[in-house]
Amino acid sequence: MTQNTPTVLAPDYYRHNFDFLLRSVRQQYHDLLSHSEHWWLNTYSRLTPDAKQLYIRMLSRKGRYFRVSKLSYPEIRHTENAIEELLSNKFLTCNEANWPVDEILDLFTKPELLKIYREKHSPDARTNDQALKQARKADLTAAILATSPAISAFNEPIIHVEHQAHLTIFLLLFFGNQYQDLSQFVLTDLGLHIFENYQVDPTTRLFQQRQHILEWLSLEALAAEYEQLSLSKRAQATRQFAGRLPGPCTWPPLERRRQRLFNRVARDLERLGEYDLALFLFNHSALPPSRERRVRILEKLQRHSTALAICRQMLSAPFNEEEAEVGQRLAHKLSRMLNLPVAQAIKDTFTLETLTLPASGERVELAVANHYRQAGWRVHYTENALICGLFGLAFWDIIFASVSGAFLNPFQRAPRDMYHSEFSERRRDMLTARLNAIRTESWNHWLAVYQQKQGITNDWVNWAILTPALVEETVSCLNGEQLYAMLSRLLFDPRHNRSGQPDLVMFKSGHIQWVEVKGPGDTLQANQKRWLRLFQQLGLDARVNHVVWQM
DNA sequence: TCACTCGTCG
DNA sequence: TTCACACTCTCGA
DNA sequence: GAGAGTGTGTCTCGACGAGTGACA
Ligand SMILES: [Mn+2]
Ligand SMILES: [Mn+2]
């Protein structure tokens with residue numbers, strides 16, 4: 001953990017990163033880019049370094065509007081000239097009459113807004129003036145907005161950065177997601193994020209058609225719009241939004257996203273009591289919890305036998321373990337209502353123990369950890385980091401193996417198909433061989449992989465929690481059969497089985513014990529029960545400690 | 001005056 | 001772009 | 001007491017500084 005490595009970057013580092021992004025996308029997606037995007041690329045390439053850099057600086061900042069006085073960078077020599085150049089190339093616009101005044105008012109500080117306000121008002125309106133000085137910035141903005149001021153009222157040129165949408169598309173094409181951006185480059189250069197040196201596949205593209213790009217963006221825009229709208233919790237607006245949801249997509253990744261949005265909207269409609277429309281939307285989604293929600297709505301509507309039929313589907317072809325269990329519970333409940341025979345549900349028999357601890361104000365998990373330390377245990381508060389970490393070490397080379405379409409850029413923490421069934425299917429032989437080697441204890445390179453890969457970003461490994469001593473002690477306490485079973489469970493459903501691992505793991509005289517801590521009012525979650533059941537089957541010591549604070 | 005948030009930047 | 005917990009409410013063993 | 005529903009606090013890369021607004 002040595003952070004004192006002051007990496008010094010060239011003053012124009014961000015231009016090189018930006019150029020790299022543009023070059024990569026042009027190479028890979030040349031034929032899918034629009035005329036406008038090609039024009040943008042070509043125009044950009046002819047700009048002077050100063051103009052390029054100022055443009056990138058603006059693209060990297062928040063918002064679309066800027067005050068010229070707020071654009072000052074030591075590495076850009078002649079800002080005024082750069083602005084002129086960008087204006088004449090249509091990369092910037094200046095002081096247009098139809099701009100939204102509220103967005104521009106946000107660029108000014110409260111004292112500046114007060115000055116603008118006073119210039120527009122005669123000085124005899126003193127009473128109001130005093131009130132505004134005390135007011136919040138938002139109120140002041142509203143007061144100025146009410147006077148519908150012209151752009152000239154700001155006494156300073158305002159500029160607008162153009163073609164932000166092109167950058168959004170380029171980032172999407174490059175990263176293949178919505179959350180990584182230009183800052184990823186500098187974080188990597190500084191060594192804050194280190195990625196595995198896997199083989200990037202330049203032949204496989206995420207997007208095959210222009211249409212997919214456009215659908216992706218419009219779906220994201222729709223989802224973002226809904227995010228805002230859903231805060232209002234109004235039935236009328238939500239119903240209207242539902243009418244604007246798009247039809248099916250042929251491309252699976254898009255279709256998944258579309259169904260996620262359907263589930264979100266349908267869930268809100270259900271909360272608002274709009275059961276028919278909610279049912280309709282859930283019907284168009286195969287993603288959990290679509291079937292569960294349909295059953296619950298049908299139950300509320302007293303349509304018990306229809307609900308039971310959906311339960312049967314959940315049980316015969318469950319999407320995951322969670323859905324199977326929920327289906328079981330709901331089927332049980334509905335069968336009783338319909339006077340059908342029901343099988344007695346099997347109860348869990350976990351080791352439960354109540355601990356009475358002095359109230360200390362610290363996290364309940366830490367209090368329990370200290371309790372066990374006093375009894376001579378070496379305790380680690382790991383939650384999901386331990387077994388997930390072992391998974392990451394055991395399969396490191398397979399996770400980052402070169403599989404077509406798995407790696408699109410150098411900044412991935414997992415292959416694209418990590419959380420889909422394709423991950424196992426396409427690496428079956430390698431995974432089976434590794435799993436068997438672990439089962440027979442002939443693969444035992446946990447620490448070697450740890451030393452070799454320490455610090456490299458892997459979606460499965462949290463290096464801060466997973467220490468070498470923890471790895472060593474854990475694998476020495478578990479036999480091959482137990483490790484095999486745990487890793488198989490993660491591999492069976494990497495997306496859902498990642499979570500629910502016990503809070504604490506502890507060691508004493510060659511013995512390993514897992515403890516799930518439950519504070520007052522907390523109970524075991526379904527995913528936690530599933531891991532505890534596996535520990536039980538494997539003959540491992542796992543217990544649930546309920547904590548009562550001592551008064 | 002001071003704690004806190006937010007945006008910026010390497 | 002989660003995951004686990006805190007808190008509340010409602011049933012039905 | 002279990003199950004269900006809803007909401008919240010964490011994750012954020014971290015240093016830094018301007019601005020804000022609640023306090024005296
Ligand atoms: Mn926990
Ligand atoms: Mn816990």
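Numbered from 1 within each chain, the chains take letters A, B, ... in sequence-line order. Heavy atoms only: backbone and side chains are in, while hydrogens, waters and symmetry mates are out.
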Relative to A:Trp251, does A:Arg258 satisfy both conditions: NZ or CZ under 6.0 angstrom from the six-membered ring centre, and within 45 degrees of the ring's axis?
no
For A:Tyr14, which contact category applies under a 4.0 Å heavy-atom criterion: base, sugar-phosphate, or nothing?
nothing
Both distances below 3.5 Å, Watson-Crick or wobble geometry, any strand: find the nucleotide opposite D:dC13.
B:dG10
Which whole number of Å gives the distance between the C1' atom of C:dT2 and that of D:dG7?
15 Å
I want to verify a distance call: between D:dG21, D:dT6, D:dA2, whose nearest atom is closest to the A:Lys137 side chain?
D:dG21
Identify which nucleotide among D:dG5, D:dT20, C:dC3 has an atom closest to any side-chain atom of A:Arg495, counting heavy atoms from C-beta outward.
C:dC3
Do the side-chain N or O atoms of A:Lys110 get closer than 4.0 angstrom to the phosphate oxygens (OP1, OP2) of D:dG19?
no
So which nucleotide from C:dC3, C:dA6, C:dA4 ends up closest to the side chain of A:Asp522?
C:dA6
Counting distance only, does the side-chain N/O of A:Thr238 pair as donor-acceptor with the main-chain N or O of A:Leu269 below 3.5 Å?
no
Can we say A:Glu227 and A:Arg264 salt-bridge, meaning some charged N sits less than 4.0 Å from an Asp/Glu carboxylate O?
yes
It should be established whether A:Lys233 places a side-chain nitrogen or oxygen under 4.0 Å from OP1 or OP2 of nucleotide D:dG7.
yes
Inspect the contact between A:Arg257 and A:Glu255 and indicate whether a charged nitrogen and a carboxylate oxygen are less than 4.0 angstrom apart.
no
Which one is paired to C:dC7, where only Watson-Crick or G-U wobble pairs with both distances under 3.5 angstrom count?
D:dG5
Thinking salt bridges, do A:Lys115 and A:Glu112 make one under a 4.0 Å N-O criterion?
no
Honestly, is A:Lys52 close enough over A:Tyr44, meaning NZ or CZ under 6.0 Å from the six-membered ring centre and within 45° of the axis?
yes
How close or far is atom P of C:dA4 from atom CG of A:Asp503, stated in whole angstroms?
9 Å
Give one of base, sugar-phosphate or nothing for A:Lys347, where a contact means two heavy atoms less than 4.0 Å apart.
nothing
A:Asn527 has its side chain closest, among D:dG3, D:dT6, C:dA4, to C:dA4
Would you mind classifying the nucleic acid contact of A:Asp189 as base, sugar-phosphate or nothing, using non-hydrogen atoms under 4.0 angstrom?
nothing
Does A:Arg293 make a side-chain N or O approach to OP1 or OP2 of D:dG5 shorter than 4.0 Å?
yes
For a quick check of understanding: with a heavy-atom distance under 4.0 Å over all strands, which category does A:Leu192 fall into, base, sugar-phosphate or nothing?
base
With a cut-off of less than 4.0 Å, is there a side-chain N or O of A:Arg336 near OP1 or OP2 of C:dG12?
no
Using whole Å, report how far CG of A:Asn384 lies from P of D:dT10.
18 Å
Less than 4.0 Å between a side-chain N and a carboxylate O, is that true for A:Glu325 and A:Lys529?
no
Charged N to carboxylate O below 4.0 Å: is that the case for A:Asp493 and A:Arg530?
no
Between CD of A:Glu365 and C1' of C:dC5 the distance, given in whole Å, is 8 Å
Measuring only the P atom in each nucleotide, how far is D:dT10 from B:dT5? A whole number of Å is fine.
11 Å
Would one find a side-chain N or O of A:Arg296 under 4.0 angstrom from OP1 or OP2 of D:dA4?
yes
With rounding to the closest Å, how many angstrom separate the P atoms on D:dT8 and C:dT1?
22 Å
Using a strict cut-off of less than 4.0 Å between a Lys/Arg side-chain nitrogen and an Asp/Glu carboxylate oxygen, indicate whether A:Glu270 and A:Arg293 qualify as a salt bridge.
yes
Whole-Å distance separating the CH2 atom of A:Trp531 from the P atom of C:dA4
12 Å
Tell me: CZ of A:Arg498 to P of C:dT2, nearest whole Å?
12 Å
For the pair made of CD in A:Glu299 and C1' in D:dA4, what is the distance, rounded to whole Å?
11 Å
Quick check: does any side chain N or O of A:Ser60 sit under 3.5 Å from a backbone N or O of A:Ile56, one acting as donor and the other as acceptor?
yes
Scan A:Gln180 against the nucleic acid and name what it touches under 4.0 Å (heavy atoms): base, sugar-phosphate only, or nothing.
nothing
What's the gap between D:dC23 and D:dG19 when it is taken at their P atoms, as a whole Å value?
23 Å
What does A:Arg15 touch in the nucleic acid at a heavy-atom separation under 4.0 angstrom: a base, only the sugar-phosphate, or nothing?
nothing
Could A:Lys333 and A:Glu299 be called an ion pair, given the rule that one side-chain N must be under 4.0 Å from one carboxylate O?
yes
Given D:dG19, D:dG3, D:dA4, which nucleotide is nearest the side-chain atoms of A:Thr109?
D:dG19
Hey, does A:Glu516 reach any base, or is it just sugar-phosphate, or nothing, if we go heavy atoms under 4.0 Å?
sugar-phosphate
So what does A:Gly500 hit on the nucleic acid, given a heavy-atom distance under 4.0 Å: a base, only sugar-phosphate, or nothing?
sugar-phosphate
Which residues, if any, of residues 59-75 of chain A bring a heavy atom under 4.0 Å of DNA chain B?
A:Arg61, A:Lys62, A:Tyr73
In whole Å, what is the span from the NZ atom of A:Lys529 to the C1' atom of D:dG1?
11 Å
Winner on side-chain proximity to A:Ser499, out of C:dC3, D:dA4, D:dG21, is C:dC3
Using a 4.0 Å heavy-atom cut-off, does A:Pro111 contact any base of the nucleic acid, only the sugar-phosphate backbone, or nothing at all?
sugar-phosphate
Spacing between A:Leu504 atom CG and C:dA4 atom P, to the nearest angstrom:
14 Å
Just compare D:dA4, D:dG3, C:dC5 and give me whichever is closest to any side-chain atom of A:Glu383.
C:dC5
D:dA4 and C:dA13, which share atom name P, separated by this distance in whole Å
14 Å
OP1 or OP2 of C:dT1 less than 4.0 angstrom from a side-chain nitrogen or oxygen of A:Asn177, does that happen here?
no
Taking only the side-chain heavy atoms of A:Gln528 (C-beta and beyond), determine which of C:dC5, D:dG21, D:dT6 contains the nearest atom.
C:dC5
Between B:dC9 and D:dT6, how far is it from one P atom to the other, in whole Å?
42 Å
Pairing partner (Watson-Crick or G-U wobble, both distances under 3.5 angstrom) of D:dC23:
none
Chain A footprint on DNA chain B, 5' to 3' - any atom under 4.0 Å from a heavy atom:
B:dG7 to B:dG10
Base, sugar-phosphate, or nothing for A:Lys300, non-hydrogen atoms under 4.0 angstrom?
nothing
When the C1' atoms of B:dG7 and D:dT12 are compared, how many Å lie between them, rounded to an integer?
15 Å
Can you check whether A:Val505 reaches A:Gln513 side chain to side chain, under 4.5 Å on heavy atoms?
no
Has A:Arg363 got a side-chain N or O lying under 4.0 Å from the OP1 or OP2 atom of D:dT10?
no
Under 4.0 Å between a side-chain nitrogen and a carboxylate oxygen: does that hold for A:Arg533 and A:Asp348?
yes
Evaluation steps, side chain to side chain donor-acceptor pair (under 3.5 Å), between A:Tyr14 and A:Glu75:
CA-CA 11 Å; A:Tyr14 56 92; A:Glu75 80 281 5; 2.4 Å; yes
